Amino acid sequence: MDFKGFDHPGGPDAGGTRSVKVMIAGGFGTGKTTMVRSVSDIKPLTTEETLTQASADVDRLIGVADKTETTVSLDFGKISLNDSLMLYLFGTPGQERFWFLWNGLFKGALGAIVLVDTRRLASSFRAIEEMERQDVPFVIALNVFPDSKDHPIEEIRDALDISPHTPVVVCDARDRASSRDVLVTLIRHLKERSAVALESR
């Protein structure tokens, strides 16, 4: 895929690789760390800690009762989509007690992926609201779990109350190719938005 001419708002790197900061957000247990791990070209930095009984009253484990670890700060990885475009990936913490970190993480982000578990749609409402509040373009990635039901995408779109222009794709966050396809969808979305903005000037 050709990404030539796609620059960060601050301007392109002089004759070299262009870099873009991308957020991977979503609710608790939707697969953010898994996606960063699966797609990163480098060994990712993760800040996962073991869930303990002490956090049982504050971390809502409904639907993810077998989850044993949680991100307490951020996940970081990077991937080259081609010789001229590097994506820096920042995964957000999902549980409510760490949401105060989001403002700092979103600074400089050009776009975001919101991972959604269709078994627990409400867990991603807060992430979508944050994208809209901070005016960060995003795509929705429906992460498929073994017991996920097959819902029509338009039903998911209506339930999440998102714009018809926001891409919605199905993915498996464990699979590198699938996760990479989501990133490509995001970059295409950003390019299309940029082209529309230029045409309207």
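Here the structure is a predicted model, which means the values were calculated and not measured.
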Inset, instruction - Grab the two heavy atoms, one from Cys171 and one from Val182, that are nearest each other, plus how far apart they are. - result: CB-CG2, 3.6 Å
Inset, instruction - Measure from the side-chain N and O atoms of Ser148 to the backbone N and O of Arg119, and report whether any donor-acceptor pair falls under 3.5 Å. - result: no
Legend entry - ILVMFWY network linking Ile42 to Met23, side-chain heavy atoms under 4.5 angstrom: yes
Legend entry - Listed partners of Phe145 passing ring pair (Phe, Tyr, Trp, His ring centres under 6.0 Å), at least two apart: none
Inset, instruction - Step through the shown structure and confirm whether more than 12 heavy atoms of other residues, nucleotides or ligands are within 6.0 Å of CG on Asp150. - result: no
Legend entry - pair Phe138-Glu132: side-chain heavy atoms closer than 4.5 Å: yes
Inset, instruction - Search all heavy atoms of Ser124 against all heavy atoms of Val114 and return the closest pair with its distance. - result: CB-CG1, 4.3 Å
Inset, instruction - Would you mind checking if Arg180 and Asp41 are paired as a salt bridge, meaning a charged N to carboxylate O distance below 4.0 Å? - result: no
Inset, instruction - Report yes or no: does Thr17 contribute a side-chain atom to a donor-acceptor pair with the main-chain N or O of Ser84 at less than 3.5 Å? - result: no
Inset, instruction - Look at the side chain of Asn143 and the backbone N and O of Ala173, then say whether any donor-acceptor pair between them is shorter than 3.5 Å. - result: yes
Inset, instruction - For Arg157 and His165, work out which heavy atoms get closest and say how close. - result: NH1-N, 4.4 Å
Inset, instruction - Identify whether the distance between the nearest side-chain nitrogen and carboxylate oxygen of Glu192 and Arg188 falls below 4.0 Å. - result: no
Legend entry - From CA spacing to verdict: salt bridge (charged side-chain N to carboxylate O under 4.0 Å, His left out), Arg126, Glu129: CA-CA 5 Å; Arg126 174 67 171 77; Glu129 290 172 0; 5.1 Å; no
Legend entry - Nearest heavy atoms of Met131 and Ala112, plus distance in Å: SD-CB, 3.5 Å
Inset, instruction - Taking the side chain as every heavy atom from C-beta outward, state whether Val116 and Val168 have any atom pair closer than 4.5 Å. - result: no
Legend entry - Gap separating the CG atom of Leu87 from the CZ atom of Arg18, nearest 0.5 angstrom: 13.0 Å
Legend entry - Non-hydrogen atoms of Leu110 and Leu190 that approach each other most closely: O-CD2, 3.5 Å
Inset, instruction - Test side chain to side chain contact (heavy atoms under 4.5 Å, CB included) on Leu186 and Val22 and set out the steps. - result: CA-CA 9 Å; Leu186 173 63; Val22 170; 3.5 Å; yes
Inset, instruction - Kindly compute the distance separating CD1 (Ile24) from OG1 (Thr30), expressed to the nearest 0.5 Å. - result: 10.0 Å
Inset, instruction - Look up atom CG in Leu89 and atom OG in Ser179, then write down how far apart they are to the nearest 0.5 Å. - result: 9.5 Å
Inset, instruction - State whether the side chain of Lys21 and the backbone N or O of Lys107 hold a donor-acceptor pair below 3.5 Å, judged by distance alone. - result: yes
Legend entry - Approximate separation, where rounding is to 0.5 Å, of Ile113 CD1 and Thr92 OG1: 11.5 Å
Legend entry - Nearest heavy-atom neighbours spanning Gly29 and Arg120: O-NH2, 3.3 Å
Inset, instruction - Rounded to the nearest 0.5 Å, what's the gap from CG on Asp161 to CD1 on Ile128? Could you check? - result: 9.0 Å
Legend entry - SB check Asp75 Lys32 (cutoff 4.0 Å): no
Inset, instruction - Starting at CG of Leu85, measure out to CD1 of Ile79 and round the result to the nearest 0.5 Å. - result: 10.0 Å
Inset, instruction - Mark yes when over 12 heavy atoms from residues, nucleotides or ligands other than Asp158 sit less than 6.0 Å from its CG; otherwise mark no. - result: yes
